Amino acid sequence: MQPSSLPTIFSITEDEIDLNDLVERITLTSTGAAAIFTGMVRGETKRGDEHQTEYLEYEAYIPMAEEKMKQVADEIRARWDAIEGIAIVQRIGKLYPKTPTVLIACTAAHRDTGVFEAARYGIDRLKEIVPIWKKEVSPSGEFWVEGEYMPKAGE
Amino acid sequence: MQPSSLPTIFSITEDEIDLNDLVERITLTSTGAAAIFTGMVRGETKRGDEHQTEYLEYEAYIPMAEEKMKQVADEIRARWDAIEGIAIVQRIGKLYPKTPTVLIACTAAHRDTGVFEAARYGIDRLKEIVPIWKKEVSPSGEFWVEGEYMPKAGE
Amino acid sequence: MNHVKLLFFATIRDRMGTKSLDLELPADLTIHGLKDRLSEEYPKVKESMKSVLVTVNREYAFDEAVIPLNAEIGMFPPVSGG
Amino acid sequence: MNHVKLLFFATIRDRMGTKSLDLELPADLTIHGLKDRLSEEYPKVKESMKSVLVTVNREYAFDEAVIPLNAEIGMFPPVSGG
């Protein structure tokens, strides 16, 4: 099948992330496997600087974020040609602990075709190049979380 | 935290698999990442013997399957000590193309702690040792799908 | 004598024509001995007995094992869930 | 002159005190030149300009690039979505 006819979903939304719906929308008749990553707001962080989080506030440069999500999907398809459907969703706004904030899902006919690796690659790339930021609000104050990745030309 | 206080869900069910609910039930305040695998009934299979499937009929040796799902979860925790919650669900009965039939989900504080590998291991082990079988019904007849794995002593 | 409950699944159940069977076995019978007995009494499963998986009280068990008292024995082909 | 729209996000927006700015720039100004100009006019972002990410028409852009006509320019810290 041509990549253009394969389902690819990008979304930046203030609504709840519905895993059932998203997986269904990237399932074809030939699909037998889906690997899905979701990230949630951690209320308690132990690694690094131990701290509590009251909530996170997400914002995005929406039109560019949508284009970069498309780029992440294109990169996934270029690397794993068995991938059938891709969904990339970022929830923005004020999000409380235990709430899913992001989803990457990839489907394929079989599980040994790169679906797991593709989902992992997708979340890693989203955190590198998709223009979204989060501000952490905790009992001790608020601060912007900053990533570390510096995009290169062509990214 | 002691493994005994961490959420572990096993289920063999005739009901729809609800990803949102299952992920929520294995999300702790310290959770920041979930890797989820779902398998679906393929209506069209291209790899190997190309064929169409009308539906699959699953059956399980239920009490043993539950014990073996617990064993898979124990094996996951022994290999990846960062894993917080685990859900392993197999849907049985008559299932049509595009329907999710199985789910393995693992949560952890961070995504680089083995969640992806743990979910992958979980589905691989389920397909080796958990006593569940499927019969494939197609326009050209029906046949039992047989696995290849021969469990060893202690498995 | 040892009273055991046999449970059959998938192809084995189809060939046995039943889901379960209650049997009286000699006290020191092995899994191997049980397979031989079933092969004789149910010729349809003779071929299947070569590759059948056997469980005793819901743990995989192997030819040399002696069947414990009042065991629940499962017999089935390699699993294919997922 | 080149009329461009600047969009600021996260820490950069906080320090600029605004989400966006319309500017008239010399026709051959580079990204580097734009950063210098903002550093002078908005001392609060001077430090941020050293590590800021810059986009031109929603693609990452770098110091030497000349800013095209009517560009939409984004300025923000390294991303932290997910």
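What you see is a predicted model, and the numbers here were worked out from it, not measured in a lab. Note on naming: letters A, B, ... go to the chains in the order of the sequence lines (proteins, then strands), and numbering restarts at 1 for each one.
At a threshold of 4.0 Å, the pair B:D112-A:R47 counts as salt-bridged, since one of the basic side-chain nitrogens sits closer than that to a carboxylate oxygen.
Remark: A:K98 NZ to B:T31 OG1 distance equals 8.0 Å, nearest 0.5 Å. Rounded to the nearest 0.5 Å, atoms CZ (A:F116) and CD1 (B:I123) are 7.5 Å apart. Rounding to the nearest 0.5 angstrom, the gap separating the CG atom in A:L28 from the CE atom in B:M40 is 9.5 Å.
Shown here are the side-chain contact (heavy atoms from CB on, under 4.5 Å) partners of A:T99, two or more places apart in sequence or in another chain: A:R91, A:L95, A:Y96.
With contacts defined as side-chain heavy-atom distances shorter than 4.5 Å, the pair A:R120/B:E117 qualifies. By the 4.5 Å heavy-atom criterion applied to side chains, A:K46 and B:S30 are counted as neighbours. Counting heavy atoms from C-beta outward, B:R111 and A:D124 have side chains that approach closer than 4.5 Å.
With respect to chain B, the highest number of heavy-atom pairs below 4.5 Å among A:T107, A:T38, A:T27 belongs to A:T38. By number of non-hydrogen pairs under 4.5 angstrom with chain B, the leading residue of A:Q52, A:E44, A:H110 is A:H110.
Using a 4.5 Å heavy-atom cut-off against chain B, the contacting residues of residues 17-24 of chain A are A:I17, A:D18, A:L19, A:N20, A:V23.
Heavy-atom distances place no part of A:A105 under 4.5 Å from chain B, backbone and side chain included.
Although no hydrogens or angles enter the test, the distance criterion places no donor-acceptor pair under 3.5 Å between the side chain of A:R42 and the main chain of B:T29.
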